[in-house]
Number of protein chains: 2
Amino acid sequence: MSTSSYHHKNLPHTIINAALDAIAESGPSALSLRDLARRAGVSHAAPAHHFGDKAGLLTAVAVQGFCLLADALVEAQRRTGDFLEVGVAYVGFAVEHPAHFAVMFRPELYRTNDPELVAAKARAGESLYRGVAPFTSSESGPVPQDAALAAWSLVHGFSALWLSGSLPPGLPADPRQAARGVASVLFPGTQ
Amino acid sequence: MSTSSYHHKNLPHTIINAALDAIAESGPSALSLRDLARRAGVSHAAPAHHFGDKAGLLTAVAVQGFCLLADALVEAQRRTGDFLEVGVAYVGFAVEHPAHFAVMFRPELYRTNDPELVAAKARAGESLYRGVAPFTSSESGPVPQDAALAAWSLVHGFSALWLSGSLPPGLPADPRQAARGVASVLFPGTQ
DNA sequence: AGAGTAATCTAGTCAGTGTCAAGATAGATG
DNA sequence: CATCTATCTTGACACTGACTAGATTACTCT
């Protein structure tokens, strides 16, 4: 036991995964470093060694989240070339990574000035902007920025409402399909 | 001091207001009942007497929030009759009552089966639905439910992004005006 | 290979928190 | 006035985040 617990090798990874489980279960507010340590089978102060403190851990979660989001968006853009599908991918990310999503847009939980974080956030922002850029350049449309923000707001709001269980019943069980139906109100003539 | 602290008369009200301040400052996660007690000048266990526990306090905050939201929506509907302005009122509520908004859509923080809460939530839901109903019944539009959900998602997402500080700079300083620009992408021809 | 160094984790401690139980105080009711 | 009830206080307990010092392991350098 003593030889296995010392130099756990990838404790940060293990702890982040435990944190993701815990957050998905009961939200970031109920997160306990000591509980994570117990789940990982290490001492109560081990997590703090790697992440400094709770905010440090959540910063790492947010960084990972923005990276995964950026990946999901560029992947959707590459595969389909359709900005509606980029929006659907945004919702897909939120539903498949609820813990990441729950942290990413709650800046009071982590260090917003962490260099890794600002980089990841910028990358996600660019991916998102490129995904909806074609939509904003349609000549008949309104102000480009407003159109892009409308698209972002719609998929972000749908994600948040879905995750919080606020949406009425009767929607498609698959969140992507539900999102496709809702998003196509904004992106008419693309499906 | 002893005569003034006993029978504070409206301690629940005082504590809820203190909670709203605290939440607006640093989010619901950092909320401390003992801190609220200190702000109100009472003993550390006084809040629990009225609200049972932390979740009980946040339930009360959520109830108040849904009532205020319902009021804001029906007021906008009554005054303008325009569903775009109902959406703008949704954003206005979120920005003017950030603490309420931060709690309302985080069900893991409060008692979702509290009877007062379900009533207030239902009232807000009806107000919202009536506000966007005209939009959903436009014959050329898509599935009514999808249109209503798109409208809700858009204003909800814009509110969440605005409150989290995720939106890019360069927007109108007045959130209502910014929301009007963004929402009019979805509601064309109404402004 | 062996010593020294750095990284990783443990153990102990402290202030702060939520929650519970029991007691004190004050207004209301008979 | 006596009693009752709601309101608030006091004290306690387990839990948490954070800090410090120490133990253990891996890595490096000659």
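In what follows, every chain begins at residue 1, and chains take the letters A, B, ... in the order their sequences are listed. This structure is a prediction, so every number in the text was calculated from the model and none was measured.
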### Message
Just the rounded figure in Å: distance from P of dT9(D) to CG of L36(B).
### Response
14 Å

### Task
In whole angstrom, give the distance that lies between atom CG of D53(A) and atom C1' of dG16(C).
16 Å

### Summary
To the nearest angstrom, the CZ-P distance between R34(A) and dG16(C) comes to 16 Å

### Message
When you measure from the side chain of K121(A) to the backbone of A62(A), do you find a donor-acceptor pair of N or O atoms at a distance under 3.5 Å?
### Response
no

### Message
Side-chain N or O of S32(A) versus OP1/OP2 of dG17(D): is the shortest distance under 4.0 Å?
### Response
yes

### Message
Applying a 4.0 Å non-hydrogen cut-off, can you work out what A45(A) is touching in the nucleic acid: base, sugar-phosphate, or nothing?
### Response
base

### Query
Tell me: CD1 of I15(A) to P of dT8(C), nearest whole Å?
12 Å

### Query
Quick one: K54(A) NZ to dT16(D) P, roughly how many Å, whole number?
10 Å

### Task
Name the nucleic acid region contacted by L31(B), choosing base, sugar-phosphate or nothing; use a 4.0 angstrom heavy-atom cut-off, strictly under.
sugar-phosphate

### base_contact_polar (dG12(C) base, H44(A) side chain, donor-acceptor, <3.5 Å)
yes

### Task
Flag the pair R78(B) and D71(B) as a salt bridge only when some basic side-chain nitrogen lies within less than 4.0 angstrom of an acidic carboxylate oxygen.
no

### Message
Is there a path of hydrophobic side-chain contacts, each under 4.5 Å between heavy atoms of I/L/V/M/F/W/Y residues, joining V185(A) to V155(B)?
### Response
yes

### Task
Using whole Å, report how far CG of L11(B) lies from P of dT25(C).
18 Å

### Task
May I have the distance from L33(A) (atom CG) to dT10(C) (atom P), rounded to whole angstrom?
14 Å

### Task
Please report, rounded to the nearest Å, how far the P atom of dC8(D) is from the NE2 atom of H49(B).
6 Å

### Query
If you measure from the Lys or Arg side-chain nitrogens to the Asp or Glu carboxylate oxygens, is any gap between R111(A) and D53(A) under 4.0 Å?
yes

#### Entry: dT16(D) OP1/OP2 closer than 4.0 Å to side-chain N/O of R38(A)
yes

